[in-house]
2 protein chains.
Amino acid sequence: MDYTDHRAGFVFADIARFRVRLFDRLLAPHGLTTSQAWVLAHLFIEDNLPQTELARRMDVGAVTIGGLIERLEARGFVERKVDSEDRRVKRVLLKEEAKSIGRIMAECGRTLNEVAFSGMEAEKAKAVMDGLLSVRQNLLDALAEDTDIKSATDILLSKK
Amino acid sequence: MDYTDHRAGFVFADIARFRVRLFDRLLAPHGLTTSQAWVLAHLFIEDNLPQTELARRMDVGAVTIGGLIERLEARGFVERKVDSEDRRVKRVLLKEEAKSIGRIMAECGRTLNEVAFSGMEAEKAKAVMDGLLSVRQNLLDALAEDTDIKSATDILLSKK
DNA sequence: TGTAATTAATAAGCAAGCTAATTATATACA
DNA sequence: TGTATATAATTAGCTTGCTTATTAATTACA
């Protein structure tokens, strides 16, 4: 690929926005947003997690997670309980209300994938997905190399 | 690809977020954000566009564009002028301040691409990029088929 | 033991996107 | 002409995500 290809500047952002727009529409009838659903998805894998652990698994800040959970709690999908051994920690628990939605979320996700990759051969879709996972890891590494702004700039521009 | 692959649920969103985080850091010293830079990029291609036309080209709402331009104007990168033939229209013009930043933006974008696709063969990167463009179009089509919520749900779920 | 450093969560505040509603202007057409 | 419709931009208000700062509790260690 030509690295001066300016299209990379918008495809990633556009795809993310379009996906969210569609998924939000699918979930709206159930009182959920895309990000909130994603929190539930993580709790389906493992319930009763501390907020910080959820944030870590979702690569999101502690503040962002706090807001998501607050809204999920307000809508009755989860509840927070202070950890008995470490009172700084709040553990997030799925409530019954949420459990029935898992299947719907999975179905919507599958449908959205079908739409996104429609007209693409399975082989190619697999290759794209594979490539995306390494792009994601590359960016994550670049971010991890240094959280400091000036240094991040250095890391990126020093490779010029 | 297996359409039940849940990884699609986060790769796109993650890549978009990570890219913005890195690009924002690169642009911060110049008083710009990723989205604001993208507006300027469109004005470099064609200056003096109405806000609505910019919104259309960026696949963004009129309100979002309004906010971006307001901040760009406050920082002195652009100015708005009411169209003389249609007083509803405000045209956006690049100011000198912005023109010198074009080269920097291009350089940052190129560097970010290199980071994102590092370790990937050019051939594969090209294929991934190609696949992404059609994913983007697929989603855009799905959104365009019907703006209405219920109908969008139908479109997606009816393919089950 | 007691002070310092770390950690979990929250608060405050900004940018970006979205939707719905409003205002002002232009256009269509009866 | 005059009324209805359509369009451009803005306002208000929501969610997500980010950063920085604060509070409370825990852990490290002198």
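As a basis for the values below, the full set of heavy atoms in this structure was taken, side chains included, without hydrogen atoms, waters or symmetry mates.
- Among all heavy-atom pairs drawn from A:L54 and A:H42, the shortest one is CD2-CB, 3.7 Å.
- Atom-to-atom, CZ of A:R75 to P of D:dC14 comes out at 11 Å; the value is rounded to the nearest Å.
- The phosphate of D:dT15 has neither OP1 nor OP2 within less than 4.0 Å of any side-chain N or O from A:R17.
- If you measure from atom NZ of B:K90 to atom P of C:dT25, you get 11 Å, rounded to the nearest angstrom.
- Remark: C1' of D:dG17 and CZ of B:R19 are 17 Å apart, rounded to the nearest angstrom.
- For the atom pair CH2 (A:W38) and CE (A:M105), the distance works out to 8.0 Å, reported to the nearest 0.5 Å.
- B:V63 comes within 4.0 angstrom of a base, heavy atoms only.
- Here C:dA12 presents its P atom at 12 Å from CD of A:E70, a figure rounded to the nearest Å.
- B:G67 comes within 4.0 angstrom of nothing in the nucleic acid, heavy atoms only.
- We find that B:R56 and B:E53 are joined by a salt bridge, their nearest charged nitrogen and carboxylate oxygen being less than 4.0 Å apart.
- Listed candidates were C:dG17, C:dA9, D:dC18. Nearest to the side chain of B:V60 is C:dG17.
- Checked against D:dA8, C:dA20, D:dT19, the side chain of B:R25 finds its nearest nucleotide in D:dT19.
- Each of C:dA15, D:dC18, C:dA8 was ranked by its minimum atom distance to the side chain of A:T52; first place goes to C:dA8.
- Contact annotation: B:S35 reaches the phosphate of C:dG17 (side-chain N/O to OP1 or OP2, under 4.0 Å).
- At whole-Å resolution of the value, CE in A:M58 and P in D:dC18 are 10 Å apart.
- To the nearest angstrom, C1' of D:dT23 lies 15 Å from CD of A:Q51.
- Atom CZ in B:F23 sits roughly 18 Å away from atom C1' in D:dG17 (whole-Å rounding).
- DNA chain D is contacted by both B:R80 and B:R21; B:R80 maps to the nucleotide lying nearer its 5′ end (nearest heavy atom per residue).
- Here A:R88 does not reach the OP1 or OP2 of D:dT22: none of its side-chain N or O atoms lies under 4.0 Å away.
- Of the inter-residue distances, the one linking A:R7 atom CZ with B:D130 atom CG reads 8.0 Å to the nearest 0.5 angstrom.
- For B:R87 and C:dT25, a side-chain-to-base donor-acceptor distance below 3.5 Å is absent, hydrogens and geometry of angles not being considered.
- Looking at the side chain of A:R71, the nearest of the listed nucleotides D:dT19, D:dT16, C:dA15 is D:dT16.
- Side-chain proximity of A:T64 to C:dA16, D:dC18, C:dT10: nearest is D:dC18.
- The listed nucleotides are D:dG17, C:dT25, D:dA9; the one nearest the side chain of A:L68 is D:dG17.
- Atom CG in A:D24 sits about 12 Å away from atom C1' in D:dC14, given to the nearest Å.
- Taken to the nearest 0.5 Å, the CD atom of B:E73 stands 10.0 Å off from the CG atom of B:L93.
- No more than 12 heavy atoms of other residues, nucleotides or ligands shown are found within 6.0 angstrom of NZ on B:K126.
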